[in-house]
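Contents: one structure, followed by commentary.
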Protein chains: 2
Amino acid sequence: MAASTLTEVARLAGVSPATASRVLNGSARKPGKDIADRVRQAADSLGYIPNAQAQGLAKSSSGLIGLIVHDIADPYFAAIARGVQEAAREQRKMVLLATTGGAPAEEKEAVAAFAARRADSIVIAGSRSSRTEDQEDNAELAAELDRYCRNGGRVAVVGHPVVGASAQDGYHVVAVPNQELAGALAAKLAAHWGGDFVIIGGPEGLLTSDDRIHGFQEGLAKAGRAPAEILRSSFNRAGGYEAGLKLAARIKGGSTGTGEPAGPKMCIFAVNDVMAIGAAAALRAEGLRIPRDAAIAGFDDIETLRDFRPALSTVSLPLEEIGRLATRATAPLAGDGDSAPQPITGEVTLRRSTEAA
Amino acid sequence: MAASTLTEVARLAGVSPATASRVLNGSARKPGKDIADRVRQAADSLGYIPNAQAQGLAKSSSGLIGLIVHDIADPYFAAIARGVQEAAREQRKMVLLATTGGAPAEEKEAVAAFAARRADSIVIAGSRSSRTEDQEDNAELAAELDRYCRNGGRVAVVGHPVVGASAQDGYHVVAVPNQELAGALAAKLAAHWGGDFVIIGGPEGLLTSDDRIHGFQEGLAKAGRAPAEILRSSFNRAGGYEAGLKLAARIKGGSTGTGEPAGPKMCIFAVNDVMAIGAAAALRAEGLRIPRDAAIAGFDDIETLRDFRPALSTVSLPLEEIGRLATRATAPLAGDGDSAPQPITGEVTLRRSTEAA
DNA sequence: CTGTTAGCGCCTTCAC
DNA sequence: GTGAAGGCGCTAACAG
């Protein structure tokens with residue numbers, strides 16, 4: 001038993017499909033009150049649900065917003081997703097989710113899939129990559145996006161523009177001041193800490209990571225400090241843990257684990273909170289304590305991690321708001337014209353994890 | 001400039017739309033190798049992307065899986081969502097996301113929206129409510145689901161069946177042994193702790209919460225212990241915090257904050273990890289320490305919270321797997337017939353937060 | 001204000 | 001193996 005159709009409703013109400021359509025779905029023309037009631041009643045009694053696919057086909061617009069993230073279980077993306085979801089609801093649209101693990105090739109697939117579904121707009125939340133190995137895929141992604149935009153699609157990218165994308169119409173970038181904020185973090189940390197800094201970064205070429213690293217180094221330089229050493233690992237907790245293990249060994253120096261660490265004390269900057277937590281876990285596992293044996297700071301101010309102790313120094317980012325703004329930027333009404341890019345602001349938040357011992 | 005259509009591709013390749021369709025999308029009939037290549041090339045050069053809406057209309061199936069959660073930023077749901085996403089990818093489907101805040105009325109809307117989009121299946125991940133105030137909405141939700149199933153839709157619910165839903169075909173429940181596991185947790189805790197127990201639960205009528213409470217009390221009873229007092233608050237961190245504050249006051253008793261708490265020491269069971277973390281934060285804010293001044297346990301074993309210290313005793317649930325299984329249960333191939341319900345198993349995981357002082 | 005007529009883009013029997 | 005025709009359910013122009 002298939003779902004009932006508009007035609008059936010119309011027949012039952014004794015009117016034409018067109019009229020039924022007019023009353024059931026908003027139209028400029030308003031059918032007579034009496035007939036409208038009859039139609040509504042018929043629809044109701046049949047449990048009529050309009051076929052969005054057919055509507056979309058006819059109107060060539062689907063009421064769908066495509067969201068691309070690396071991993072929906074990562075709290076960073078989950079927070080953004082919440083914002084997107086909210087904004088989507090405001091627009092009475094639904095969100096289609098795609099997770100790509102950050103691979104440009106997958107992202108391209110996702111864009112194509114969204115295009116196939118005639119999504120009204122696409123929000124890309126993952127960090128961009130500029131690695132040479134991704135060059136080709138990036139180009140394809142850019143091409144796919146351009147085509148999507150040319151066909152009237154609207155896209156918003158969080159963070160960096162897609163490398164090589166050239167579309168002008170309907171292409172928005174929600175800029176996140178990663179570099180400035182990382183610089184500000186470095187400045188504040190440098191004011192309280194006189195020793196060495198070490199950066200735990202993501203793979204080279206991950207733009208978000210690179211920006212934060214670069215900004216941090218800049219901040220250090222401005223404070224008259226030597227550049228920090230950079231450890232690279234994967235952009236997640238495991239990566240942070242791995243790097244943390246290396247640093248722990250160094251901090252412990254020749255010490256056998258009892259008594260004071262023999263190596264240098266340091267201030268660690270992990271380019272995101274999740275990595276910072278991983279690093280902290282590694283240090284702890286190695287018997288080191290924070291901030292006594294090492295200070296550590298992250299980036300993002302992930303909500304779920306705020307109860308972590310010692311409280312993590314970090315840079316607060318309005319993740320949910322970012323998701324909302326990105327989504328709104330793709331709304332046909334607002335965010336049109338080349339209005340100024342959305343002014344995302346963050347805030348350096350120093351907490352216990354970097355308190356001078 | 002609209003996206004190019006199958007007809008255009010066919011024309012460019014000098015074949016009929018039917019043929020083009022056959023080569024571009026799998027069909028029983030295989031067109032000649034030469035003509036196939038020509039079509040593919042034409043499609044390629046036009047950047048052809050099939051219109052999923054039209055395909056869906058014609059085939060009356062959309063390749064969409066609807067996912068309903070309370071809040072995608074809640075790590076519990078985020079983890080399930082990841083599993084759903086994975087399984088969806090296996091099925092070459094995309095997931096449509098709806099967040100409802102747990103309100104049955106919103107859930108009903110979401111189901112209707114999914115039905116409108118002709119989603120092939122729906123996964124409902126939120127906890128069910130049996131509160132009288134929700135009765136009416138629940139009934140409507142059940143009706144909507146029934147209709148959806150009757151029209152060939154498949155649904156899987158995590159945890160409890162939707163109250164009042166009667167559909168048989170295509171209606172699956174992924175049962176989570178909340179009660180048993182809570183009982184097992186109580187048993188283990190009772191073995192190590194001789195004092196009082198207190199439960200921080202969600203609002204009465206939230207089935208998941210109620211089950212866990214009930215199971216815990218049962219476990220206590222079997223261990224020959226008195227039933228625990230139950231504090232009710234909202235099913236999230238804030239609720240846990242609020243309850244934690246109350247308990248903190250009690251634990252501190254008349255003490256002025258210096259020296260040992262004057263009140264009773266207790267073992268707190270929060271019905272989920274997020275609430276447990278909230279409660280722990282409250283205790284800490286009140287100057288209490290865990291497990292010295294109070295033991296605390298949660299439920300779910302949320303990944304992001306595993307680095308929390310003192311490590312939280314909890315019940316591990318294979319959240320991602322749950323999402324996967326629920327999704328697979330709705331696949332047309334497997335999970336059909338009244339195969340035995342999926343055997344979700346959890347595990348009591350005692351950690352530092354409940355170590356006897 | 002209402003009904004009629006065309007499609008939206010694709011798939012799927014059918015003939016050839 | 002290939003093409004032609006009809007229809008999926010709905011909306012948007014037109015007539016009336």
Side-chain angles (χ1 to χ4, degrees), chain A residues 1-40 42-43 46-64 112 115-120 151-152, chain B residues 1-40 42-43 46-64 112 115-120 151-152:
Chain A
M1 178 204 276
S4 48
T5 74
L6 221 201
T7 313
E8 292 172 8
V9 174
R11 195 181 318 150
L12 203 167
V15 299
S16 80
T19 304
S21 168
R22 292 195 265 256
V23 10
L24 260 17
N25 311 310
S27 168
R29 280 116 115 107
K30 304 234 165 187
K33 178 84 175 118
D34 49 342
I35 217 137
D37 285 343
R38 232 180 23 206
V39 171
R40 251 182 284 272
L46 286 182
Y48 169 73
I49 295 182
N51 185 326
Q53 310 230 64
Q55 285 184 154
L57 222 207
K59 297 195 295 199
S60 73
S61 114
S62 60
L64 255 27
R117 300 225 133 81
R118 296 301 182 264
D120 298 333
N151 291 335
Chain B
M1 180 203 276
S4 47
T5 75
L6 184 63
T7 312
E8 292 172 8
V9 173
R11 195 182 315 151
L12 203 166
V15 299
S16 79
T19 304
S21 169
R22 293 196 262 257
V23 12
L24 260 17
N25 313 309
S27 170
R29 280 117 117 103
K30 303 237 167 187
K33 179 82 175 122
D34 48 342
I35 218 138
D37 285 343
R38 233 177 24 202
V39 171
R40 250 184 283 273
L46 286 182
Y48 169 73
I49 296 182
N51 185 326
Q53 310 231 63
Q55 285 183 154
L57 222 208
K59 299 195 294 199
S60 75
S61 116
S62 60
L64 256 27
R117 300 227 131 79
R118 296 301 183 266
D120 298 332
N151 290 335

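Treat the numbers as computed from the prediction; the structure is a model and nothing was measured. Each chain gets a letter, A, B and so on, in the order its sequence line appears, and its residues count up from 1. What you see below is based on every heavy atom in this structure, not just the backbone, and it leaves out hydrogens, waters and symmetry mates.
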query: Do Lys33(A) and Asp37(A) come close enough that some side-chain heavy atom pair is under 4.5 Å?
result: yes
query: With a 4.5 Å heavy-atom cut-off, do Asn51(A) and Thr5(A) have their side chains touching?
result: no
- request: State whether the side chain of Arg117(B) and the backbone N or O of Ala52(A) hold a donor-acceptor pair below 3.5 Å, judged by distance alone.
  value: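 Flag not set: sc Arg117(B) to bb Ala52(A) has no pair under 3.5 Å.
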message: Both Ser16(B) and Ala18(A) contact DNA chain D. Which one's nearest nucleotide lies toward the 5' end?
response: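 Per heavy-atom nearest nucleotide, the more 5' residue is Ser16(B).
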message: Using a heavy-atom cut-off of 4.0 Å across all strands, would you classify Pro17(B) as base, sugar-phosphate, or nothing?
response: nothing
field: Touch class at under 4.0 angstrom, heavy-atom based, for Ser60(B) against every strand present
entry: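 Ser60(B): no heavy atom of the nucleic acid under 4.0 Å.
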Calculate the interatomic distance between [X] atom [atom1] and [N] atom [atom2]; express it in whole Å.
X	N	atom1	atom2	result
Asn25(A)	dT11(D)	CG	P	4 Å
Arg117(A)	dG9(C)	CZ	P	17 Å
Arg22(A)	dC14(D)	CZ	C1'	11 Å
Lys59(B)	dG6(D)	NZ	C1'	18 Å
Leu24(B)	dT2(D)	CG	P	14 Å
Arg118(B)	dG9(D)	CZ	C1'	8 Å
Leu6(B)	dA5(D)	CG	P	17 Å
Leu57(B)	dC10(C)	CG	P	12 Å

- prompt: Can you list the residues that meet the side-chain hydrogen bond (donor to acceptor under 3.5 Å, both in side chains) rule with Ser62(B), with sequence neighbours excluded?
  reply: none
task: Return the nearest nucleotide to the side chain of Ser21(B); candidates are dT12(C), dG9(D), dG3(D).
output: dT12(C)
Please state whether the phosphate of [N], meaning OP1 or OP2, lies under 4.0 angstrom from any side-chain nitrogen or oxygen of [X].
X	N	answer
Thr19(A)	dT2(C)	no
Gln55(B)	dC10(C)	no
Thr5(A)	dG9(D)	no

field: Exercise: identify the closest heavy-atom pair between Arg40(B) and Leu24(B)
entry: CG-CD1, 4.2 Å
